[in-house]
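Here the structure is laid out as structure tokens; the discussion comes afterwards.
Everything numeric here is computed off the predicted structure, so don't read it as measured data.
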Amino acid sequence: MNSIHPSPGEPGFGAGVSLFIDPRTCIDCGACADICPVDAAQPADQAAPEDVERNAAYFADAEPLEAMDLDSWEPPSYQVWGGGPRRVLVVGAGPAGMYATRELLLRTTAEVTLVDRLADVGGLVRYGVAPDHPRTKQIIDTFQRITQHPRVRWRPGTDGGLSGFDGYDAVIHAVGARRSRRVGIAGEEGACTAEDFVAWYNGRPGATLPVQLTGPRAVVIGNGNVALDVARLLLSDEEQLDVPPAVRAALGASGIKEVVLLGRRGPDAAAYTETALQELLVAAGDRVELRYHARPVSWTSEGLTLDSGETIAAGNLFTAIGFEGRPVDGLPFDADRGIVPNVRGAVVGRPGHYVAGWIKRGARGGIGVNKACAQETVMTLVSSSRAAASPGS
């Protein structure tokens, strides 16, 4: 959970007796309650007062969060636009776009037009979170309530290009970074990317599986949480998954009984979380093999060949080494980093344009990280608007 601290790599991880939930990145999904071994994780209104005080004290030196409960749709108590409501366009209804919309409603009197190429809100939450993690997807209910706010104009099934969107005072691009990175080996076009596989098993409209699932063994290149999700789903009991019937049938008929999870570097460089690894090992047991310091060079019908000359016989190869953004029409693009160049969310060289989420900072961080990311972008937008409205600016 991105909101639980100290996390791996932070001072005090594994050494203290208490963990703390950061309200700035908590998405209220309730998943922490499921993984808590002592039933200590609870909503604040159900927790003991001393526990709430201890949690607040942990973040006492952090910047305070200015927010109110949007579920009651209370009007903002202050106006930063000055001249009345302005028009803001948010492109993308995934976590970054929805949190940006929420921040606009909290901090401004702006009218927000929210667009997405798909018919539903959620983005990564709806079509990226594994189907055996239903509690994490509960945040979609909050996202749907945001679209019902009287100052939000929700336009699903709308292309996110800039043409046709004139007349807005600001545009926030929250288009994500869902394209899978390429491994760069011979025969890779015959593999299945994480982008395609995850979209397929989550039932994203228009998503199809580009390969036929063939057992008894599959190889997954990657050592992040998505790679572990792919391995776990391939070996899961498909009857217990909340997936489309066609996906359930294909998984059941695949005959895949073993997965080799391949890391090109050592376990010390693995990007998966300890919780994700434990979940995979519990679900798959001895049916998953973890291999490190393995450098693939080619994929053929015989299997995956490594630079050592060894060939791992397998019917399918899946690649899950991360995601990267795609260029946004009309905006600058840093191809090496896969982002739109920006300063705290303000697009470089394009006044009035802002970015949030993975297209802003790169494909890293979970759902909760987008909350703080969107807050920074909206605060940059608000500050820029104030400066532009000031006399002599």
Which side-chain N or O atoms in residues 340-349 pair as donor and acceptor under 3.5 Å with protein atoms at least two apart or in another chain?
residue, atom, partner, partner atom, Å
Asn342, OD1, Gly345, N, 3.0
Asn342, ND2, Val340, O, 2.9
Asn342, ND2, Lys360, O, 3.0
Arg344, NH1, Glu376, OE2, 3.3

Please examine the side chains of Leu381 and Thr108, heavy atoms only from C-beta on, and report whether any two atoms are closer than 4.5 Å. no
Please report the closest heavy-atom contact between Pro156 and Ala119, naming both atoms and the distance. CB-O, 3.6 Å
Linking Ile, Leu, Val, Met, Phe, Trp and Tyr through side-chain heavy atoms less than 4.5 Å apart, which residues share a cluster with Ile221? Val183, Ile185, Val219, Val260, Leu262, Trp299, Leu304, Leu306, Ile312, Leu317, Ile321
Do Val382 and Val378 make a side-chain contact, defined as non-hydrogen atoms from C-beta onward lying under 4.5 Å apart? yes
To the closest 0.5 Å, what do you measure between CD1 (Ile140) and CZ (Arg126)? 4.0 Å
Checking Arg361 now: which residues fulfil side chain to side chain donor-acceptor pair (under 3.5 Å) with it, not counting sequence neighbours? Asn370
For Thr311, what residues pass the side chain to side chain donor-acceptor pair (under 3.5 Å) criterion, not counting sequence neighbours? Thr305
How many angstroms lie between CG in Leu281 and CZ in Arg287, if you round to the nearest 0.5 Å? 11.5 Å
Evaluate side chain to side chain contact (heavy atoms under 4.5 Å, CB included) for Val198 paired with Tyr127, printing each intermediate quantity in order. CA-CA 7 Å; Val198 172; Tyr127 298 116; over 6 Å; no
Between the side chains of Glu310 and Arg291, is the shortest nitrogen-to-carboxylate-oxygen separation below 4.0 Å, so that they form an ion pair? yes
Determine which pairs satisfy side-chain hydrogen bond (donor to acceptor under 3.5 Å, both in side chains) with at least one residue from residues 189-199, sequence neighbours left out, and list them in order. Arg178-Glu195, Thr193-Asp196, Glu195-Arg326
First locate atom OG1 of Thr101, then atom CG of Leu106, and finally report the distance between them rounded to the nearest 0.5 Å. 11.0 Å
Distance alone, cut at 3.5 Å: any donor-acceptor contact between the side chains of Glu274 and Gln278? yes
Derivation and outcome, side chain to side chain contact (heavy atoms under 4.5 Å, CB included), residues Asp268 and Tyr292: CA-CA 10 Å; Asp268 57 319; Tyr292 302 98; over 6 Å; no
Step by step, would you call Asn316 with Leu234 a side chain to side chain contact (heavy atoms under 4.5 Å, CB included)? CA-CA 11 Å; Asn316 289 115; Leu234 288 170; over 6 Å; no
May I ask you to test the Pro131-Asn202 pair for a side-chain heavy-atom distance under 4.5 Å? yes
Given side chains that start at C-beta, do those of Trp200 and Cys192 come closer than 4.5 Å, heavy atoms only? no
With heavy-atom distances below 4.5 Å as the criterion, would you say the side chains of Leu280 and Leu261 are in contact? yes
Just to verify, what does Arg153 make a side chain to side chain donor-acceptor pair (under 3.5 Å) with, not counting sequence neighbours? none
If the test is side chain to side chain contact (heavy atoms under 4.5 Å, CB included), which one of Asp116, Ile146, Val112 qualifies with Trp154? Asp116
Please round to the nearest 0.5 Å and tell me the distance separating atom CG of Leu251 and atom OH of Tyr201. 10.0 Å
Using the six-membered ring wherever Trp is involved, compare the ring planes of His353 and His173 and label them parallel, tilted or perpendicular (cut-offs 30° and 60°). parallel
Does a salt bridge link Arg179 with Glu324, judged by any charged N lying under 4.0 Å from a carboxylate O? yes
Contact summary for Val88 and Ala110, nearest pair of heavy atoms: CG2-CB, 3.9 Å
Which value, rounded to the nearest 0.5 Å, describes the distance between Arg102 atom CZ and Gln375 atom CD? 8.0 Å
For the CG atom on Asp286, are there more than 12 heavy atoms of other groups (residues, nucleotides or ligands in this structure) within a distance under 6.0 Å? no
State, without any angle test, whether Thr113 and Tyr168 hold a side-chain donor-acceptor pair at a distance under 3.5 Å. yes
Are side-chain heavy atoms of Leu118 and Arg204 found at a separation under 4.5 Å? yes
May I ask whether Ile339 and Val91 are part of the same hydrophobic cluster, defined by side-chain heavy atoms of I, L, V, M, F, W, Y residues being less than 4.5 angstrom apart, directly or through others? no
On a heavy-atom basis, the closest approach of Gly325 and Ala177 is N-CB, 3.4 Å
OG1-CD1 distance between Thr214 and Ile256, expressed to the nearest 0.5 angstrom: 7.5 Å
Heavy-atom side-chain contact between Phe318 and Val259 under 4.5 Å: no
For Ala356 and Ala374, which heavy atoms make the closest approach, and how far apart are they? CB-CA, 4.4 Å
According to a hydrophobic-cluster definition based on side-chain heavy atoms being under 4.5 Å apart (Ile, Leu, Val, Met, Phe, Trp, Tyr only), do Leu233 and Val220 belong together? yes
What I'd like to find out is whether the side chain of Ile172 reaches to under 4.5 Å of the side chain of Leu104, using heavy atoms alone. yes
Contact summary for Met98 and Ala93, nearest pair of heavy atoms: CG-O, 3.4 Å
